[in-house]
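Worksheet: the structure to be examined is printed underneath.
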There are 2 protein chains.
Amino acid sequence: MSAAPPVRALAFDIFGTVVDWYGSISTELLSIGLPVDAAEFTLAWRAGYQPAMADVRSGRLPWTNIDGLHRRILDRLLAERGITLPQAEAAHLNRVWHRLNPWPDSVPGLQRLKAKYTLATLSNGNLSLLVAMARHGGLPWDAVLSAELFHHYKPDPEVYLGAARLLDVEPGELMMVAAHPSDLRAAAVCGLRTAYVRRPLECGPDGPMEPSAPGEFDIRCDSFMELAEAL
Amino acid sequence: MSAAPPVRALAFDIFGTVVDWYGSISTELLSIGLPVDAAEFTLAWRAGYQPAMADVRSGRLPWTNIDGLHRRILDRLLAERGITLPQAEAAHLNRVWHRLNPWPDSVPGLQRLKAKYTLATLSNGNLSLLVAMARHGGLPWDAVLSAELFHHYKPDPEVYLGAARLLDVEPGELMMVAAHPSDLRAAAVCGLRTAYVRRPLECGPDGPMEPSAPGEFDIRCDSFMELAEAL
């Protein structure tokens with residue numbers, strides 16, 4: 001066995017890892033006065049995401065980007081609660097996913113990491129969503145990569161291997177950074193390095209976290225500043 | 001006819017429009033002491049580019065990215081001149097296309113434009129080349145888009161329409177910015193808006209410029225600062 005190659009680029013999961021979807025969306029729901037339990041509605045919106053992607057993966061739905069999937073889920077949640085919104089308001093609310101705020105350590109940590117590494121998004125979010133979010137939050141990406149470019153959603157291997165190909169690095173030179181062990185495990189199967197950033201508040205103050213084993217990932221840390229230290 | 005929609009995003013040609021390939025490459029050839037006429041070699045390297053892309057477009061070559069095409073041309077030019085370079089030196093020299101310097105107005109102009117518009121590359125250069133160049137020159141892109149994402153080279157319509165799709169804008173909301181009338185004409189056929197930035201030094205002090213007609217493009221200017229003024 002030769003030594004592992006040096007890491008040259010970092011690929012970041014976005015929802016929950018870089019930005020706080022729970023806090024950003026529940027706050028916006030309260031501010032617009034939607035007559036729902038903001039916390040519960042936020043969690044339900046996010047919970048619809050994996051089944052919707054599974055419908056695309058299985059072919060039950062044709063390729064649909066995340067803006068489209070978020071909108072399908074939103075329309076269902078509103079209908080279940082007997083709420084009707086004007087089209088323009090529903091479209092604006094759906095784009096709350098473009099306006100998610102970074103965790104406090106995200107921007108300073110990324111700026112520090114950028115001095116040494118190429119930084120890319122690697123999210124199931126569509127490219128235009130990720131671009132709008134970066135402009136909203138000041139996220140200093142070198143490249144905005146999305147599952148949309150590969151017409152496959154994570155954890156399909158096409159996404160991780162496609163990112164390495166576009167960045168012109170070997171899989172072992174690319175480190176996946178995520179708050180979700182399942183994402184990291186799929187990246188590791190493709191040969192990527194892995195950094196687990198714990199985000200205990202991702203699903204709100206009482207939210208569960210996916211279990212993981214100590215030593216399972218190359219790096220385990222609690223912020224992007226710690227990640228920069230560890231690298 | 002309804003009024004034209006407002007421009008929401010700008011797509012930039014890169015080689016010659018944003019960066020000075022002639023000056024950057026001829027300077028590097030002189031600095032490494034390659035025994036060639038630096039100006040002539042630089043122009044010959046660039047001149048090999050359109051025929052190489054035509055070979056991909058016609059199917060005579062399978063899909064090959066620009067790093068690969070630049071290397072094929074470089075190897076031919078060196079062989080024609082009886083020059084042998086060690087592999088590592090040839091690979092480093094080929095990556096001079098990753099180290100091209102911006103025109104003096106490029107970075108301040110882009111920073112100004114970025115306040116109002118989404119800024120994307122739209123180049124035949126491969127994605128990793130464009131990312132390295134942005135890091136080298138401090139180019140503040142919101143999105144790095146490349147012909148590589150579409151497996152078509154400009155002026156194929158798939159490139160212009162693919163960029164609009166990924167940025168989630170209508171073709172008429174996207175403005176192509178280029179120093180080359182032929183690129184702009186192909187974009188206009190796809191419904192994009194057009195900004196012609198004259199770069200009279202692109203091909204060196206005596207270089208020719210493609211002819212264009214007055215009024216042919218939505219904007220005609222001499223720098224990105226002028227483009228920001230005009231928009």
Side-chain angles (χ1 to χ4, degrees), chain A residues 8-11 63-68 70-71 91 94-95 97-98 110-111 113-123 125-151 158-159 162-170 173-174, chain B residues 8-11 63-68 70-71 91 94-95 97-98 110-111 113-123 125-151 158-159 162-170 173-174:
Chain A
R8 293 175 56 201
L10 306 177
W63 176 262
T64 307
N65 73 17
I66 291 291
D67 278 340
H70 279 148
R71 182 60 193 268
N94 197 55
R95 284 195 301 273
W97 294 91
H98 297 205
L110 291 173
Q111 283 169 336
L113 289 161
K114 185 166 176 162
K116 189 161 169 198
Y117 303 99
T118 296
L119 307 185
T121 62
L122 193 56
S123 168
N126 40 289
L127 192 130
S128 59
L129 177 156
L130 297 169
V131 166
M133 179 193 288
R135 288 176 61 86
H136 168 78
L139 302 168
W141 305 121
D142 291 305
V144 174
L145 302 183
S146 160
E148 184 180 29
L149 299 178
F150 314 111
H151 274 216
E158 286 84 353
V159 183
R165 180 175 45 77
L166 286 177
L167 295 171
D168 194 23
V169 297
E170 296 298 322
E173 296 173 322
L174 181 60
Chain B
R8 293 175 55 201
L10 307 178
W63 176 261
T64 307
N65 73 17
I66 292 290
D67 277 341
H70 279 149
R71 183 59 192 269
N94 198 53
R95 285 195 300 273
W97 294 91
H98 297 207
L110 291 173
Q111 283 169 337
L113 289 161
K114 184 166 176 163
K116 188 161 171 198
Y117 303 99
T118 296
L119 307 185
T121 62
L122 192 58
S123 169
N126 41 288
L127 193 130
S128 60
L129 177 156
L130 296 170
V131 166
M133 180 193 286
R135 289 176 61 85
H136 168 78
L139 303 167
W141 306 121
D142 292 304
V144 174
L145 303 183
S146 159
E148 184 179 29
L149 299 178
F150 313 111
H151 274 216
E158 287 83 353
V159 182
R165 180 175 46 77
L166 286 177
L167 295 170
D168 194 23
V169 296
E170 296 297 322
E173 295 172 324
L174 181 59

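So you know, we letter chains A, B, ... as the sequences are listed, proteins then strands, and number each from 1.
Using a 4.5 Å cut-off between non-hydrogen atoms, the part of residues 129-138 of chain B that approaches chain A consists of B:V131, B:R135.
Remark: A:R165 pairs with no residue by the side-chain hydrogen bond (donor to acceptor under 3.5 Å, both in side chains) rule, at least two apart or across chains. Shown here are the salt bridge (charged side-chain N to carboxylate O under 4.0 Å, His left out) partners of B:R95, two or more places apart in sequence or in another chain: there are none. With sequence neighbours excluded, the residues that form a ring-ring contact (aromatic ring centres under 6.0 Å, His included) with B:W97 are B:F15, B:W45, B:H70.
Side chains of B:V144 and A:V144 form no contact here, defined as non-hydrogen atoms less than 4.5 Å apart.
With respect to chain A, the highest number of heavy-atom pairs below 4.5 Å among B:N126, B:L149, B:D67, B:T118 belongs to B:T118. The residue among B:L167, B:L139, B:V169, B:L166 with the most heavy atom pairs within less than 4.5 Å of chain A is B:L166.
Taking every heavy atom of both residues into account, A:D168 and B:S128 meet most closely at CB-OG, 3.4 Å.
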